[in-house]
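Note that the coordinates shown come from a computational prediction; the quantities given were computed from them, not determined experimentally.
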Amino acid sequence: MNQHPQETGTAVDEIDDAVATTHGSNVRSTHFPATLIATLALLASVAPLAIDMYLPAFPAMAVQFDTSASAVQLTLTTFLVGLALGQLVIGPLSDRYGRRPLLLTGTLICALFSAACALAPTIEVLAVSRFGQGFAGAAGIVLGRAVISDRARGAAAAKLFSLLIVINAIAPIIAPLLGGVIVSSVGWRGVFWALAVLAAVMFVCVLAGVSESHPPERRTTGGTAALLRDARTVLRDRRYLGYTLAYAFAFGVLFAYISASPFVLQNVHGLSTTGYTIAFTANAVGLVISSVANSGLVAKFGERGTLRIGLVMLAVFSALILINSLVGPALWATLILLWCAVTSLGLVIANATALALGQARQAAGTGSAVLGALQFMLAAGISPLVGIGGEHTAVPMAIAMVASALIALGALALTSEGKVARTA
């Protein structure tokens, strides 16, 4: 049951026609500045950069701290938990107090916790600091989505999310390369000093380039009761839940891969750190390619139809990865199938996000918070699970990928009863 957007003109025209706000006043948008798009992309990059930059150092960190692979992966888990809880707190608060003040506060605190990570003397202190880094860094992710939802809708929003994904896909490409250089030069602590500097840059960019998109007349009033009411309204929307679950579990596939791939590709298949970095980068390039193709597919099949295509591809390639891991994984097959699975996510992320937030326009901060919190809570649960089988098997990663992909595909059924609501 496909949606076929009827808009005419370019994505820029669609974005230009969206309702926007500037400095707290309702105005008709005549331009979606490139500087604003770049700033939102930078804010959203905190997650891929804070995750991917230190992945190549996982085995070395386990040795340095004299701990297990699961303990090192726990530092990723605490970061993800922080991202999840931070979004649940910051998103609803932004519906009441506005986006800009919380963006400024979050980026500043994220810089401080990044410095604490760099100074951590033990794996336990690092894990706690990573939680704080994730909680504060959540502001950029949840509020970046909310700003887009405030200013654009429907196919225009989907295309803008696709553009942000393309821009942000540069982060996973650069992150392991940059991380590898930093780790080999000054050690893994240098990665977190770099993240501290980046968070400070984000603060300056928000200060200079992000005006308030959620004016006082649209904000929630009435305190905690009103915030809880907004949350209940969002969670009772079946279509919102369906798209959100599809998004979150598709992201679970990605995190099963991200958490386990350093050990699968280096320990199981014997790739060097450089070889792993190249493979990881190639997969990120695949995500860029599919994200670019997404706009054309949306024009032909609609947002929901393209989302379905992406989810089917994700389930099929995840199943093939499991088969390959059970019969004795071949390196060439592992690399090709991982590339295909990651690439299919480019057809899922932007469309699921746009469709979900299109169902929660009256409380975009809360809708974005629930979507992001579920995404990272699920990722936090998957990250340690893929290490249960030890450092020399790909089976737990493959099982997690298949289970998540099938649930994501099944969640789409929640959106299919009756006439699917249009988001444009």
Side-chain angles (χ1 to χ4, degrees), residues 21 36-37 39-51 79-111 113 131-152 157 160-161 164-165 167-168 171 199 202-203 205-206 210-214 218-220 227-228 230-231 233-235 240-241 243-245 247-248 251 255 349-350 352-380:
T21 59
L36 176 59
I37 295 175
T39 299
L40 295 178
L42 183 63
L43 290 168
S45 72
V46 65
L49 288 175
I51 292 166
F79 176 78
L80 297 173
V81 171
L83 278 175
L85 296 180
Q87 290 182 78
L88 283 177
V89 173
I90 295 169
L93 285 177
S94 76
D95 285 336
R96 183 177 183 185
Y97 299 108
R99 319 298 187 205
R100 181 177 157 87
L102 291 168
L103 274 173
L104 290 170
T105 303
T107 51
L108 181 60
I109 296 176
C110 182
F113 272 109
F131 174 85
Q133 183 190 39
F135 191 97
I141 299 172
V142 67
L143 299 184
R145 285 194 300 258
V147 167
I148 292 173
S149 186
D150 289 339
R151 296 175 62 115
L160 184 53
F161 281 123
L164 289 183
I165 291 171
I167 296 173
N168 275 308
M202 291 177 183
F203 175 84
C205 288
V206 172
V210 180
S211 59
E212 182 58 65
S213 64
H214 191 54
R218 292 185 181 179
R219 295 178 191 173
T220 298
L227 294 177
L228 292 175
D230 285 346
T233 299
V234 167
L235 291 173
Y240 169 83
L241 285 177
Y243 293 128
T244 295
L245 288 171
Y247 173 90
F251 202 82
F255 262 86
I349 298 173
T353 302
L355 288 164
L357 295 185
Q359 298 293 134
R361 291 194 59 82
Q362 299 306 311
T366 300
S368 180
V370 173
L371 182 144
L374 181 59
Q375 164 195 1
F376 287 110
M377 282 181 178
L378 181 62

Sole residue of L102, L143, L103, L40 in side chain to side chain contact (heavy atoms under 4.5 Å, CB included) with V206
L103
Only one of T107, I109, L108 clears side chain to side chain contact (heavy atoms under 4.5 Å, CB included) with T105; which?
I109
Please give me the minimum heavy-atom distance between G82 and A138, naming the atom from each residue.
O-CB, 4.5 Å
So do F131 and L85 actually touch side chain to side chain, heavy atoms under 4.5 Å?
yes
Would you say L83 and F135 make side-chain contact, with heavy atoms under 4.5 Å?
no
Nearest heavy-atom approach of M202 to L42 is CE-O, 3.0 Å
Minimum heavy-atom separation for A139 to G106, with atom names?
CB-CA, 4.0 Å
Tell me the closest heavy-atom pair linking C110 and Q133, and the distance in Å.
SG-O, 3.8 Å
Does L378 form a side-chain contact (heavy atoms from CB on, under 4.5 Å) with F251? I'd like the steps, not just the answer.
CA-CA 8 Å; L378 181 62; F251 202 82; over 6 Å; no
The criterion is side chain to side chain contact (heavy atoms under 4.5 Å, CB included); which residues satisfy it with T353, sequence neighbours excluded?
R145, F161, Y247, I349, L357
Nearest heavy-atom contact between F79 and A50 is CZ-CB, 3.4 Å
Heavy atoms of A356 and T244 approach each other most closely as CB-OG1, 3.7 Å
